[in-house]
Amino acid sequence: MKILKADYILTCNENFEIIEDGAICFDDKIIEIGKAKDIEAKYQNIDITTVGKNSVIMPGLINPHVHLEFSANRTSLRYGDFMPWLNSVIKNRDKLLQTNEHNYMENELEKIVKSGTTTLGEISSFGGDYEACIKTPIKVVYFNEVLGSRPDTVDMLFNDFKSRLDTSKNGHNKTFIPAISIHSAYSTHPILVKKVLDIARKENFLVSTHFMESQAERDWLDYGNGDFLEFFNAFSPDTKPLSSAKEYLELFYGTHTLFTHCTKASKDEIEKIKELGGFITHCPTSNRLLNSGRLGIENIDKSMLNLGTDGLSSNISLNLWDEMRGALMMHFLGNLDVLSKQLIKMSTINGANALGLNNGILKVDKDADIIAVNLPDILNSADELATQMILHTKKADKIYINGEQIV
Ligand SMILES: [Zn+2]
């Protein structure tokens, strides 16, 4: 059993409760949280670690949407609009995917854990990230992705997906959870979507999908025109959209799904996602770099929203603190401290709920996925804690996953 003591315990519970001069006692699960003096009196024969001046203990961060396979990208991809970016991904894909010889993914995972992220949702397109995700101490929900729109390739693509899914099922353990990803409505044939979602329902796999990320996607699914018309016609003439946005969403009944981006989703589509019991992953930096527009988070049920970085294919950092800083600047109309609290909840408890995990909150019987952070100076008041943490934090000073310290 371990006990940590800090100036502030940020629980990330419903009321965003902060315990000043608090302590937390844990094994692999959290045993007790409270005022340091009460915990010290109760557990007199156990060593207590003080985490230093201006210290904060909080749940480890949760990033539900990342593409580690693109970790080699720095300056190869074209930003500013979705279509030029997509074309640059296709052009540079083979080069970017040859990452193993340079350990790009392992290096990013090390940076991610040092930043204080203890859980990831990894979107795996090709399976090249499997070894790195199995080895990392970070909890990984591993979304095996399926993608492909040509009807004559459905069987081949399904078999390839199945074999990757089976491999990841063999790796299932306390820190590696297999799951399913469907790339998007415009890129994945509905027959393939149905076959894969049947498996998700039968075997209880989480699902992730990109949804309404660009104006091109909106124009294509609604009218069969826009930037995607030229893009698809280059592969085969007279291509039509595979389904409408509404038909696509209907396929997800009875699943537990994370819908990523949604910047171009209509009010009705957001309502439909809510009705499906779905979650929305917000990736503000990626949205800005691809000119996808701003997600109107103020109009969405807060409990549905979580925060992701997307991959280095559309970001410069997989550190969620950087993402929170970006989100704080992007959503500039609301109250600063209220938004900061929302962003920290999106990066902890909301991510845990979206990924169906028993962490993301400091509460008795939850997994002891805990980080400690030291602020550079004292605070005016605990009410500013969330804002000052987002402004000043780049890394965690102590990290525990299932109660085990990561060094
Ligand atoms: Zn993505």
Side-chain angles (χ1 to χ4, degrees), residues 65 67 82-83 86 89-90 123-127 143-166 178-266 268-281 292:
H65 192 95
H67 300 257
F82 188 78
M83 234 15 155
L86 184 60
V89 171
I90 292 167
I123 312 297
S124 173
S125 305
F126 310 99
F143 292 99
N144 295 281
E145 189 166 69
V146 69
L147 157 73
S149 55
R150 274 176 40 199
D152 57 320
T153 59
V154 163
D155 286 340
M156 187 265 288
L157 293 168
F158 180 73
N159 290 337
D160 171 67
F161 158 81
K162 257 309 245 125
S163 105
R164 284 183 285 123
L165 181 68
D166 288 343
I180 290 174
S181 163
I182 293 161
H183 181 264
S184 72
Y186 63 83
S187 64
T188 316
H189 199 283
I191 296 174
L192 202 48
V193 178
K194 279 183 202 151
K195 280 167 80 100
V196 164
L197 288 181
D198 280 344
I199 298 178
R201 285 187 202 93
K202 216 179 287 166
E203 299 185 45
N204 255 323
F205 287 117
L206 286 188
V207 182
S208 181
T209 186
H210 299 99
F211 185 70
M212 279 301 161
E213 179 179 4
S214 65
Q215 190 58 42
E217 181 175 354
R218 184 85 265 173
D219 292 342
W220 177 248
L221 295 190
D222 288 354
Y223 310 111
N225 66 20
D227 290 349
F228 269 122
L229 184 64
E230 194 190 336
F231 178 85
F232 283 122
N233 277 341
F235 294 102
S236 76
D238 299 323
T239 310
K240 301 270 182 296
L242 300 159
S243 62
S244 70
K246 187 164 181 264
E247 286 162 347
Y248 184 69
L249 289 177
E250 303 272 0
L251 298 173
F252 288 82
Y253 270 105
T255 67
H256 176 133
T257 302
L258 289 76
F259 295 85
T260 298
H261 301 307
C262 300
T263 49
K264 300 293 179 189
S266 68
D268 286 351
E269 287 157 2
I270 302 282
E271 271 307 302
K272 173 61 85 181
I273 291 171
K274 189 177 175 182
E275 190 189 312
L276 294 167
F279 298 86
I280 293 176
T281 303
S292 303

Taking the side chain as everything from C-beta on, heavy atoms only, tell me whether [X] gets closer than 4.5 Å to [Y].
X    : Y    : result
V207 : L258 : no
F252 : L197 : yes
I270 : F259 : no
Y248 : L221 : no
D198 : R201 : yes
S244 : D222 : no

Over all heavy atoms of both residues, which pair between [X] and [Y] is shortest? Give the atoms and the distance, please.
X    : Y    : answer
L206 : A179 : O-CB, 3.5 Å
H183 : T209 : O-OG1, 3.7 Å
L157 : G148 : CD1-CA, 3.6 Å
L192 : V154 : CD1-O, 3.6 Å
S243 : A185 : OG-O, 4.4 Å
P178 : F205 : O-CD2, 3.3 Å

**Prompt:** Should N144 and S181 be marked as a side-chain contact (heavy atoms from CB on, under 4.5 Å) after you check the CA-CA gap, both sets of side-chain angles, and the distance that decides it?
**Reply:** CA-CA 5 Å; N144 295 281; S181 163; over 6 Å; no
Please name all residues satisfying side chain to side chain contact (heavy atoms under 4.5 Å, CB included) with [X], sequence neighbours left out, ordered by chain then number.
X    : value
S124 : E69, D129, Y142
V89  : F70, L77, W85
E269 : F211, M212, R218, A245, L249, A265, S266
L242 : S149, H189, P190

Compile the donor-acceptor pairs under 3.5 Å between side chains in residues 223-235 and protein atoms, sequence neighbours left out, one pair per line.
{"residue": "N233", "atom": "OD1", "partner": "D238", "partner atom": "N", "Å": "3.1"}
{"residue": "N233", "atom": "OD1", "partner": "T239", "partner atom": "N", "Å": "3.4"}
{"residue": "N233", "atom": "ND2", "partner": "L229", "partner atom": "O", "Å": "3.3"}

**Prompt:** Would you say the side-chain atoms of S214 pair up with the backbone N or O of S292, donor to acceptor, closer than 3.5 Å?
**Reply:** no
**Test item: S184 side-chain N/O and S187 main-chain N/O as donor-acceptor pair under 3.5 Å** = yes
**Prompt:** Under the salt bridge (charged side-chain N to carboxylate O under 4.0 Å, His left out) test, which residues partner D160, sequence neighbours left out?
**Reply:** R164
**Sequence-distant partners of D268, salt bridge (charged side-chain N to carboxylate O under 4.0 Å, His left out), two or more places apart** =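 With neighbours one apart ignored, the set is empty.
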**Message:** According to salt bridge (Lys or Arg N to Asp or Glu O under 4.0 Å), does anything in residues 144-159 pair up with another residue at least two apart or in another chain? List the pairs.
**Reply:**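 Every salt bridge (Lys or Arg N to Asp or Glu O under 4.0 Å) pair that includes a residue of residues 144-159, provided the two are not neighbours, is R150-D152.
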**Prompt:** Restricting to pairs with a member in residues 247-258, which pass salt bridge (Lys or Arg N to Asp or Glu O under 4.0 Å), not counting sequence neighbours?
**Reply:**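 Residue pairs with at least one partner in residues 247-258: K246-E250, E250-K272.
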**Asked** Residues two or more places apart in sequence or in another chain: which of them pass ring-ring contact (aromatic ring centres under 6.0 Å, His included) with F279?
**Response** H256
**Prompt:** Roughly how far apart are I199 CD1 and K194 NZ, rounded to 0.5 Å?
**Reply:**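 Those atoms lie 15.0 Å apart.
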**Item:** Residues which pass side-chain hydrogen bond (donor to acceptor under 3.5 Å, both in side chains) with T257, listed by chain and number, not counting sequence neighbours
**Value:**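 For T257, the residues satisfying side-chain hydrogen bond (donor to acceptor under 3.5 Å, both in side chains) (neighbours in sequence not counted) are T255.
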**Prompt:** How would you list, by chain and number, every residue that makes a side-chain hydrogen bond (donor to acceptor under 3.5 Å, both in side chains) with Y186, sequence neighbours excluded?
**Reply:**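 For Y186, no residue satisfies side-chain hydrogen bond (donor to acceptor under 3.5 Å, both in side chains) once neighbours in sequence are set aside.
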**Asked** With respect to H210, which candidate in E217, H65, H261 satisfies the side chain to side chain donor-acceptor pair (under 3.5 Å) definition?
**Response** H65
